[in-house]
Amino acid sequence: MAITHRTVQLSTGLRMHVAEAGPAGAPVVLLLHGFPQTWYTWRHQMPALAAAGYRAVAPDMRGYGDSDVPDRGPERYTTLHVVGDLVALLNSLGKKQVFVAAHDWGAFIAWCLCQFRPDKVRAFVALSVAYNLRSAARKPVDGVRALLGDEYYVCRFQELGAIEAEFARLGTEQVTEEDIKYYASQFDKTGFIGALNYYRALNKREMIK
């Protein structure tokens, strides 16, 4: 079954690119990607879900792919911002509840969606990221740094501009496989700052309480 694409103007002000497959009236399965991915990570599952009678909806998250990349800093990439985008997307679909399947950062955000708006989620499948209660005693990045050191990737991603410059120096495409070409074309267009700002917003108070 064909995958279609459109841009949705959300009530949060974000323009979000959305890939879809399946009949409009069918139950929705919301598919959320991780880092450094886009909707494209779900391209094989979407036709299968559509064939099973579901409407598969896979957005490019805030800062990724063909969706808007707000500002340079992490202040507009907190969980409240990203979950707000998803709630606005679901409202635009006219669905009271959806199934959710999510990977990596998408799973982290989906856990928060379940916390903030449980009324929107009928069931949730998390890939790679288990639920982790936020500690009042230690911020997430501080905990990772204490456990794994400054060279761990989450810690290295915190300095604005440093990793972006390293990625730019190396280039986004190292091999010629079709999938890598697609992801390279997306990050050549947007850069990595939006995707990396998810990591920089980890210590914001708006994250999981």
Side-chain angles (χ1 to χ4, degrees), residues 1-70 76-132 179 182-183 186 190 194-195 197-198 201 206-208:
M1 189 170 291
I3 297 174
T4 61
H5 299 265
R6 63 189 176 104
T7 298
V8 180
Q9 180 67 56
L10 301 179
S11 60
T12 60
L14 190 89
R15 289 180 306 161
M16 176 175 276
H17 167 251
V18 179
E20 297 171 295
V28 167
V29 180
L30 181 66
L31 302 167
L32 304 179
H33 66 80
F35 174 88
Q37 300 160 343
T38 64
W39 76 269
Y40 188 75
T41 197
W42 301 105
R43 67 197 180 282
H44 298 302
Q45 291 80 9
M46 293 177 72
L49 285 166
Y54 294 93
R55 180 183 181 188
V57 177
D60 284 341
M61 305 278 275
R62 172 181 291 241
Y64 285 87
D66 289 320
S67 292
D68 283 345
V69 184
R76 295 180 67 185
Y77 291 83
T78 68
T79 304
L80 289 181
H81 287 92
V82 185
V83 170
D85 292 338
L86 298 180
V87 172
L89 173 62
L90 297 183
N91 289 341
S92 76
L93 296 173
K95 296 292 184 181
K96 291 183 178 180
Q97 281 194 324
V98 298
F99 298 96
V100 181
H103 172 246
D104 188 64
W105 257 110
F108 184 95
I109 297 300
W111 283 119
C112 296
L113 174 63
C114 291
Q115 278 192 309
F116 299 163
R117 294 298 304 269
D119 57 303
K120 293 289 187 182
V121 180
R122 185 170 178 181
F124 171 39
V125 177
L127 304 175
S128 301
V129 177
Y131 176 72
N132 186 17
D179 292 354
Y182 179 82
Y183 284 116
Q186 295 292 289
T190 65
N197 276 339
Y198 282 65
E206 295 87 344
M207 303 302 278
I208 297 177

Short side-chain to backbone donor-acceptor contact, Q186 and Y183, under 3.5 Å
no
Establish, yes or no, whether a centroid distance under 6.0 Å links the rings of W105 and F35.
no
Determine, stepwise, if the pair V98 / V29 fulfils side chain to side chain contact (heavy atoms under 4.5 Å, CB included).
CA-CA 6 Å; V98 298; V29 180; over 6 Å; no
Side chain to side chain contact (heavy atoms under 4.5 Å, CB included) between L31 and H33: does it pass, once the steps are laid out?
CA-CA 7 Å; L31 302 167; H33 66 80; over 6 Å; no
For side chain to side chain donor-acceptor pair (under 3.5 Å), just list the numbers for D104 and S128, CA-CA rounded to whole Å, side-chain angles, deciding distance to a tenth of an Å, and then say yes or no.
CA-CA 6 Å; D104 188 64; S128 301; 5.9 Å; no
Taking only residues at least two apart or on different chains, which pairs with a member in residues 107-121 satisfy salt bridge (Lys or Arg N to Asp or Glu O under 4.0 Å)?
R117-D119
Please report the shortest heavy-atom distance between A21 and A2, naming the atom on each side.
CB-O, 3.7 Å
So, for M16 and L89, which heavy atoms are closest and what is the spacing to 0.1 Å?
SD-CD2, 3.8 Å
Distance in Å, L86 CG paired with L113 CG, rounded so as to fall on 0.5 Å steps
6.0 Å
Nearest heavy atoms of V82 and Y77, plus distance in Å:
CG2-O, 4.0 Å
Quick check: do F99 and V125 have side-chain heavy atoms less than 4.5 Å from each other?
no
Less than 4.5 Å apart, side chain to side chain, heavy atoms only: is that true for H103 and L32?
no
Kindly give the heavy-atom pair with the smallest separation between V121 and Q97, and that separation in Å.
O-NE2, 3.7 Å
In this structure, CE of M61 is separated from CG of D85 (nearest 0.5 Å) by 8.0 Å
Rounded at 0.5 Å granularity, tell me how far CG in D60 sits from OH in Y40.
12.5 Å
Does some side-chain heavy atom of V18 sit less than 4.5 Å from a side-chain heavy atom of V57?
yes
As an exercise, state the distance from OH of Y131 to CZ of F124, rounded to the nearest 0.5 Å.
12.0 Å
With ring centroids as reference points, do H5 and W39 lie under 6.0 angstrom apart?
yes
Any donor-acceptor N/O pair, S67 side chain to H17 backbone, under 3.5 Å:
yes
Quick one, F116 with T79, criterion side chain to side chain contact (heavy atoms under 4.5 Å, CB included). Give me CA distance, side-chain angles, the key distance, then yes/no.
CA-CA 10 Å; F116 299 163; T79 304; 3.5 Å; yes
If you take all heavy atoms of D68 and G13, which pair is closest and at what distance?
OD2-O, 4.2 Å
Taking every heavy atom of R62 against every heavy atom of R76, the minimum-distance pair comes out as NH1-O, 2.9 Å
What side-chain hydrogen bond (donor to acceptor under 3.5 Å, both in side chains) pairs are there with at least one residue in residues 47-56, not counting sequence neighbours?
E20-R55
The single option from L14, L10, L30 that satisfies side-chain contact (heavy atoms from CB on, under 4.5 Å) with P59 is L30
